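Okay, structure first, notes after.
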Amino acid sequence: HSPKREISRVRLKQLKHLLKDTDLSLNDIMRRMNFNSTSEISRFFYRETGTRPSEYRDQLSKIE
């Protein structure tokens with residue numbers, strides 16, 4: 001796959017880790033990962049997974 005696709009894959013992996021294994025707010029994660037806004041990070045996550053970051057966290061909390 002392309003370098004752009006690889007960057008997105010690695011970024012998504014890190015984002016999922018932060019959502020799953022930390023209590024950081026989306027705003028804190030946004031700054032840590034150098035997104036420009038929470039809207040941008042939400043759009044990226046939705047485009048890659050088909051779900052919103054908050055829904056992803058909710059699903060994880062139901063599993064645990």
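In this text the structure is predicted, and so the values were computed from the model without any measurement.
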Notebook entry, point to check: When clusters are formed by joining ILVMFWY residues with side-chain heavy atoms under 4.5 Å apart, either directly or through shared neighbours, do L15 and Y46 land in the same one?
Noted result: no
Item checked: Nearest heavy atoms of E6 and H1, plus distance in Å -> OE1-NE2, 2.6 Å
Check: Distance from R5 atom CZ to R9 atom CZ, nearest 0.5 Å?
Finding: 9.5 Å
Margin query: If we ignore hydrogens and angles and just use 3.5 Å, is the side chain of R31 paired with the main-chain N or O of N36 as donor and acceptor?
Written below: no
Checklist line | Spatial distance of atom CG (L12) from atom CZ (R47) [nearest 0.5 Å] | finding: 10.0 Å
Check: Hey, does the side chain of E55 reach the backbone of R52 with a donor-acceptor pair shorter than 3.5 angstrom?
Finding: yes
Checklist line | Shortest non-hydrogen contact between T51 and F45, atoms and distance | finding: O-CD2, 3.2 Å
Note to self: Side chains of K16 and T49, heavy atoms from C-beta outward: is any pair under 4.5 Å?
What the structure shows: yes
Item checked: For R57 against L18, the heavy-atom pair lying closest together -> NH2-O, 3.4 Å
Check: When rounded to the nearest 0.5 angstrom, what distance separates CZ in R11 from CD1 in I7?
Finding: 9.0 Å
Checklist line | S61 versus D58, side-chain donor and acceptor atoms under 3.5 Å | finding: no
Next item on the list: For the residue pair L26 and S42, establish whether any side-chain heavy-atom pair is separated by less than 4.5 Å.
Entry: yes
Next item on the list: State, with a plain yes or no, whether a side-chain heavy atom of I29 is found less than 4.5 Å away from one of F35.
Entry: no
Notebook entry, point to check: If only atom types and distance count, is the side chain of E48 paired as donor or acceptor with the main-chain N or O of F44 below 3.5 Å?
Noted result: no
